[in-house]
Each structure stands twice: as structure tokens, then as C-alpha cells.
**Q** 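Supplied in C-alpha cells, the structure appears directly below.
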Amino acid sequence: MKVDYIIVGSGLAGILFCEVLRQHGKSFVVIDDNSQQSSVVAGGLYNPVILKRFSEVWMAKAQLELALPMYHAIEKDLDVTLDYKTPIHRLFASIEEQNNWFTACDKPNLAPFLSTNILPNTNTAIACNHGFGKVLQTGRIHTAQLVASYRTWLEEQNSFLEESFDYNALTLGDTLRYKKHEADQIVFAEGFGISRNPFFKDLPLKPTKGELLTIHAPDLKIDYILKSSVFLMPLGNDKYLVGATYEWKDMSNTTTAKAKENLLTKLKSFLTCDFTVVDQVAGVRPTVKDRRPMVGRHSEYNNMYVLNGLGTRGVMIAPYVAHELYNFIEKQQALNPEIDISRFN
Ligand SMILES: Cc1cc2nc3c(=O)[nH]c(=O)nc-3n(C[C@H](O)[C@H](O)[C@H](O)COP(=O)(O)OP(=O)(O)OC[C@H]3O[C@@H](n4cnc5c(N)ncnc54)[C@H](O)[C@@H]3O)c2cc1C
């Protein structure tokens, strides 16, 4: 079977790259072994503002303009709902934070994303004396739904292999051979799985494990995403996602009592109503030391590529890096130097 591309990994990176290929009429086969969970467990939040410092996320405007139409196209083609547009309310802990918010509102790059009104807190389930600032153009992509629906679609096209990619079974050359498949190009999009990849394992990934809780809080009744020391995201039916943690030593997908405790302590600092924990998940984010994605061609093999390093904001970044890689391979357009793996040479 001959295809244009073999793609290893069907998380956000692999899926969004498939989407770009699909838009251009290219053929592909995707291989995944379910070893990584990042895209399945992710909160899926897209938010153009860093709410700790009130600064703009790297290339936020350009990323959002590209990302949302792509997710909407997938929604239409696969007949699923992925984009839950929801404002974020940033809880102010002090008057000083309110003042910093107004300073941020005056900045031209942030003005489109920040409301200048301070919203008073009227909800007795939330401890908040200084009100909220509302972030605009935000929401949640249901990434677990995206991964599941996309995989079903790939299976229907006979374009999906559920197995661990066997690096020894890849024969290199102008035409690549992998078992019964032949391809012109191969793209590795394995997230933290890159640590097992002999071709790209030396790239400086600095992975970060994250955990999330789902709580049931029938008295909370909020329809916005609340950001305080943790995020609280409405999922419907009085359930909310609480997250996330950051851990640099344990790189398993196993949930821990320590992370649960950490999240509950932070949650209880502003949530005053009763709730129960109904779920806990964990995954490893493919984060990079310089906080930029890792995209590019292998230094020796000119039809082998990497698409990784999506970090903590894969929802917004994946469509952008997928386009960059496609244009690099098919149109010989230079990659943005900030994402090009040649920066590590
Ligand atoms: C707790 C948590 C919360 C998060 N919240 C958000 C959020 O709110 N918003 C946001 O934008 N981002 C969030 N992220 C980050 C986001 O999840 C990541 O940036 C993104 O999912 C990375 O996608 P990826 O495709 O690069 O990697 P992955 O999702 O890890 O996908 C890699 C895929 O490759 C497969 N694979 C790996 N090795 C092999 C192999 N050898 N053979 C076959 N298959 C292989 C894996 O099984 C996996 O399916 C969160 C992450 C975590 C962990």
C-alpha cells in the first residue's frame, strides 16, 4: 500500500497534521499505540492571555485565527461538537490585581481579549471580594472527543494501525517502507513518546506531568471557566474539571494522591460549597525548555520529520505548527525559526 505520508501519533499534533493533509488531498496512514494520554486528558482550554502575568500568549491572535476554523471544519465533517465557547473569569485576589488588569486592558495586543468591566461576585459558593475580570475569545475544545472521533474516521478509511511503531522495521530511502506500507514522507508526532524514538530522542524535551480532577458540585452553578489558583471548567450536569498540576520527575500516566491533595487545597481556597471528586486523570505534556514547539526535518534523512513540543497549549498551537510543517515539506517555505529544530544545532 503506497501513501504520501506515514504519521506516528494521533494526539493533537498528529490529528491536526492529518487535517492539513486531508485539505490538500494527500493520502496517509496513522499509527498509534495509546501509550500517551496528553491529548485525551487535556482540559482543552484555549485562552490567548497568560493570566498569571496578564500578558499575551505567544502568537495568540495568529494561532486562534487558524485554529478555530480548523476545529469547526472537523466538527462539520465528523458531525461532532468540539468547540464549547466559554468566557474565563479571572478571580482577583487584591485591588493591586485589579489595577494590573486595567493596565493590561490598555495594551493594544491584549485589548481585544480583556473586558474592561470588573464583574462583582454574586455567587455564595465562591469566596471572592474583589470581583472578576472577563477574558474574551476563550473556550474549550473537547480533545477526548476529537481524538476518539478522528480515530473512528481513520479506521473507517482503513488509515489507522493500532500498534507501537517499530523503528527497526522502517526501511529508509527515497521511498520509505514500513511493513506492508510505502510512503514518501514520515512524520513523528509522538508527544512524550519521542523519548523512545532513535531518530529524534536527543531533542531537548522537558516533559511535565499534569493531573486533573472532575468534581460534582450541584450548588456551584457557573457557566463560565473560573481561574484562580486552579482552573474550574464547567462540563455540564453540575460537573467541573479542576486543574492542573505540574510535575517534573514522575513521567507515568498514573494518578497520585499527592496531586489530588494539591488540587483540593487550592480549590478549597475559593470554593465554599460541598462537592465530591468523581474522577482523576493524568498525562505527560510534551513541554520544551524554551517553551516553543519542535518542528523540522531530520539532519540526515530528508523525508523524515518531527512535530512535537506542543507544551501546555496544544489546542492553539497544533493547527499552526501543522500548517508550518506542511508548507515546509510541500511548498519549500522556511519554518518560523522559533519552532525549527535547527535552533538546537
Ligand atoms: C493534565 C493536562 C492538562 C492539559 N490541559 C490543556 C489545556 O487546557 N489546553 C491546551 O491547549 N493543552 C492542554 N494540555 C496540553 C496538551 O494536552 C498537549 O499540548 C497536547 O495534547 C500534545 O499533543 P501531542 O499530539 O503532541 O502529544 P500526545 O497527546 O501525547 O500524542 C502523542 C500520541 O503518539 C502516540 N505514540 C507515542 N509513541 C508512539 C509509538 N512509538 N508508537 C505508536 N504511537 C505512539 C501516543 O499514544 C499518543 O496518542 C494539557 C495536558 C495535560 C497533561
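Start at 1 and go down the list; that is how both ligands and their atoms are numbered.
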**Q** Does Asp33 pair with Arg196 as a salt bridge, N-O distance under 4.0 Å?
**A** yes

**Q** Any idea which atoms of ligand 1 are less than 4.0 Å away from a heavy-atom of Ala189?
**A** 32 (C), 33 (C), 34 (O)

**Q** Looking at every heavy atom in both Lys268 and Phe275, which two are closest together, and how far apart are they?
**A** CE-CZ, 4.0 Å

**Q** Out of all atoms in ligand 1, which are within 4.0 Å of some heavy atom of Pro286? Include the element for each.
**A** 22 (C), 26 (O)

**Q** Do the numbers put Arg313 on top of the ring of Trp58, so that NZ or CZ is under 6.0 Å from the six-membered ring centre and no more than 45° off the axis?
**A** no

**Q** Tyr167: heavy atom below 4.0 Å from ligand 1, yes or no?
**A** yes

**Q** Could a heavy atom of Asn308 be found less than 4.0 Å from some atom of ligand 1?
**A** no

**Q** With a cut-off of under 6.0 Å to the ring centre and 45° to the axis, is Arg285 in cation-pi contact with Tyr246?
**A** yes

**Q** Out of Gly14, Ala13, Gly43, Ser10, indicate the one that has the non-hydrogen atom closest to atom 25 (O) of ligand 1.
**A** Ala13

**Q** Heavy atom under 4.0 Å from ligand 1: found in Ile194's side chain, backbone, both, or neither?
**A** neither

**Q** For Leu310, counting its heavy atoms only, list the atoms of ligand 1 lying under 4.0 Å from any of them.
**A** 19 (O), 23 (O), 26 (O)

**Q** Heavy atoms only: which of Ala42, Gly191, Pro293, Ser164 lies closest to atom 27 (O) of ligand 1?
**A** Gly191

**Q** Of all the atoms in ligand 1, which lie at a distance below 4.0 Å from a heavy atom belonging to Gly44?
**A** 6 (C), 7 (C), 8 (O), 9 (N)

**Q** Start with the C-alpha distance between Phe17 and Tyr5, add both sets of side-chain angles, then the distance that settles ring-ring contact (aromatic ring centres under 6.0 Å, His included), and finish with yes or no.
**A** CA-CA 10 Å; Phe17 190 69; Tyr5 282 81; 5.6 Å; yes

**Q** List for me each residue that meets side chain to side chain donor-acceptor pair (under 3.5 Å) alongside Tyr167, sequence neighbours excluded, and say none if there are none.
**A** Glu190

**Q** Please classify the Ala318 to ligand 1 contact at 4.0 Å (heavy-atom distances, strictly less than): side chain, backbone, both or neither.
**A** neither

**Q** Give the atoms of ligand 1, by number and element, whose distance to some non-hydrogen atom of Val315 is under 4.0 Å.
**A** 10 (C), 11 (O)

**Q** Side chain, backbone, both or neither: which applies to Gln37 and ligand 1 if a contact is any heavy-atom pair less than 4.0 Å apart?
**A** neither

**Q** Compare every heavy atom of Thr138 with every heavy atom of Pro48, then report the nearest pair and how far apart it is.
**A** CD-CG2, 3.8 Å

**Q** Ion pair present between Glu155 and Arg151, side-chain N to carboxylate O less than 4.0 angstrom?
**A** no

**Q** Please work out, at 4.0 Å between heavy atoms, whether the side chain, the backbone, both, or neither of Leu45 comes within that distance of ligand 1.
**A** both

